> 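I have a structure here, written as structure tokens, and I will follow up with some questions on it.
Just so you know, these numbers come straight off a predicted model, no measurement behind them.
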Amino acid sequence: MLRFILPVLFVLLSSVPAQALTSPQPVLVLGDSLSAGYGIEPESGWVNLLRERLGTEDPARDVVNASISGETTAGGLARIEKLLDEHRPALVVLELGANDALRGLPLSAPRQNLTRIIELSRKAGARVVLVGIEIPVNYGPQYRDGLRNLYRDLATEFKLPLVPFLLDGVALDPELMQADGLHPTAAAQPRVLANVLPALEKALKP
């Protein structure tokens, strides 16, 4: 029986592209409009720039952008299990919380949601990079500091690589921000990627 099974198995394996057998698991970006490329051409966004960069490595690694404009931590939590099951990522880049904050929600809600997303990602075998965001000063120093502490505390608790502020070096430069003052321009995207890369590369190391 074995002499009949082995040739069939060989044919099946030979019909699968070599890349499919060797490609590492992808990076999954779970974010909001800042990662979805709001107001710019999608190919200009930092996530696509990351895809191009990782695609040149040997072996190439794919990047799945599961970001949605307007997404909240609750929305991300509602989607994460299906995304993990579908894509089996090696790494989840978690960039959520800005829309919770802009709605003035109590910070206990995004803290709980982000905690659960981290736990589910790890349970699925994925590492996590946590990406922080800051809100305009008119929300008050207490809320702003609370949001900063939220990301820092979660990174400490779970020992995660942390990007303290996604738009560091961008948010206060009018030439790099769109007219709404909330979203970066296409010209700003390489700088945004540069903010993420150190933590991401650290997380992808064996």
> For the residue pair G31 and E71, what are the closest heavy atoms and their distance?
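Looking at all heavy atoms of both residues, the closest pair is O-CB, 3.7 Å.
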> Determine, stepwise, if the pair N65 / R51 fulfils side-chain contact (heavy atoms from CB on, under 4.5 Å).
CA-CA 9 Å; N65 194 356; R51 180 183 293 113; 4.0 Å; yes
> Tell me yes or no: between the side chains of S44 and Q189, is some donor less than 3.5 Å from an acceptor?
no
> Evaluate the side-chain proximity of L91 to L28: yes if any heavy-atom separation is below 4.5 Å, no if none is.
no
> Please check if the side chain of T185 supplies one atom and the backbone of L176 the other of a donor-acceptor pair under 3.5 Å.
yes
> Provide the closest heavy-atom pair for I135 versus R144 in the form atom of the first, atom of the second, distance.
O-NE, 3.4 Å
> Check the pair D100 / T72 against side-chain hydrogen bond (donor to acceptor under 3.5 Å, both in side chains), numbers first and verdict last.
CA-CA 6 Å; D100 299 68; T72 62; 4.8 Å; no
> Check whether any side-chain heavy atom of L84 lies under 4.5 Å from a side-chain heavy atom of P89, and answer yes or no.
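With C-beta onward as the side chain, the pair touches.
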> Are F165 and L114 linked, directly or through intermediate hydrophobic residues, by side-chain heavy-atom contacts shorter than 4.5 Å (ILVMFWY only)?
yes
> Kindly indicate whether the side chain of L102, heavy atoms from C-beta on, has any atom under 4.5 Å from the side chain of P136.
yes
> Say you draw a straight line from CG of L150 to CD1 of I133; how long is it, rounded to the nearest 0.5 Å?
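CD1 of I133 is found 13.0 Å from CG of L150.
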> Measuring from N195:CG to L166:CG, what's the distance to the nearest 0.5 Å?
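Atom-to-atom, N195:CG and L166:CG are 6.5 Å apart.
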> For atom CD of E157, is the number of surrounding heavy atoms from other residues, nucleotides or ligands below 6.0 Å larger than 12?
yes
> Using the side-chain contact (heavy atoms from CB on, under 4.5 Å) rule, take L147 and L107 through it: C-alpha gap first, then chi angles, then the decisive distance, then the call.
CA-CA 7 Å; L147 186 63; L107 291 177; 4.0 Å; yes
> Using a strict cut-off of less than 4.0 Å between a Lys/Arg side-chain nitrogen and an Asp/Glu carboxylate oxygen, indicate whether R148 and D145 qualify as a salt bridge.
yes
> More than 12 foreign heavy atoms under 6.0 Å from CZ of R53: is that the case here?
no
> Can you tell if the side chain of D32 reaches within under 4.5 Å of the side chain of S69, non-hydrogen atoms only?
no
> Which heavy atom in Y151 sits nearest to a heavy atom in L96, and how many Å separate them?
OH-O, 2.8 Å
> Determine, using the 4.5 Å side-chain heavy-atom cutoff (strictly less than), whether L162 and L200 are members of one ILVMFWY cluster.
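Cluster IDs for L162 and L200 match.
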> Rounded to the nearest 0.5 Å, what's the gap from CG on L172 to CE on M177? Could you check?
8.5 Å
> Count the heavy atoms of every other residue, nucleotide or ligand shown that sit under 6.0 Å from CD of E201, and state whether that count exceeds 12.
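Counting neighbours around CD of E201, more than 12 heavy atoms of other residues, nucleotides or ligands fall under 6.0 Å, so yes.
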> Mark yes or no for whether R61, through its side chain, and P26, through its backbone, hold a donor-acceptor pair below 3.5 Å.
no
> According to a hydrophobic-cluster definition based on side-chain heavy atoms being under 4.5 Å apart (Ile, Leu, Val, Met, Phe, Trp, Tyr only), do W46 and I40 belong together?
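No, no single cluster joins them.
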> When you group the ILVMFWY residues by side-chain heavy-atom contacts below 4.5 Å and let the links chain together, are L94 and L105 in the same group?
no
> When L30 is tested against each of V93, V128, I117 for side-chain contact (heavy atoms from CB on, under 4.5 Å), which residue passes?
I117
> Would you give the length of the straight line joining atom CD of Q25 to atom CZ of R88, rounded to the nearest 0.5 angstrom?
9.0 Å
> Rounded to the nearest 0.5 Å, how far does OG of S35 lie from CD1 of I68?
12.0 Å
> Give a yes or no on this: more than 12 heavy atoms of other residues, nucleotides or ligands lie within 6.0 Å of atom OH of Y38.
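Counting other residues, nucleotides and ligands, OH of Y38 stays at 12 neighbours or fewer.
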> Other residues, nucleotides and ligands only: do more than 12 of their heavy atoms fall within 6.0 Å of CD on Q112?
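Open.
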> Decide side-chain contact (heavy atoms from CB on, under 4.5 Å) for V64 and V29; before the verdict, give the C-alpha distance in whole Å, the side-chain angles of both, and the deciding distance to 0.1 Å.
CA-CA 6 Å; V64 177; V29 180; over 6 Å; no
> State whether the side chain of N48 and the backbone N or O of P42 hold a donor-acceptor pair below 3.5 Å, judged by distance alone.
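Answer holds: no.
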> Could you tell me if the side chain of R122 sits less than 4.5 Å from the side chain of F158, heavy atoms only?
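A side-chain contact exists here, since the closest heavy-atom pair is under 4.5 Å.
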> Go through V92 and V129 one step at a time and tell me if the side-chain contact (heavy atoms from CB on, under 4.5 Å) criterion holds.
CA-CA 6 Å; V92 174; V129 168; over 6 Å; no
> Minimum heavy-atom separation for N99 and G70, please, with both atom names.
ND2-C, 3.3 Å
> In Å, rounded to the nearest 0.5 Å, how long is the span from CG of L193 to CD of E52?
10.0 Å
> Looking only at heavy atoms, what is the nearest atom pair of L50 and L197, with distance?
CD1-CD2, 4.1 Å
> So do the side chains of P161 and L130 get within less than 4.5 Å of each other, counting heavy atoms only?
no
> So does R116 pair up with E119, basic N to acidic O under 4.0 Å?
yes
> Check V170 against R191 and note the closest heavy-atom contact, atom names and distance.
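Closest pair (atom of V170, atom of R191, distance): CG2-CG, 3.5 Å.
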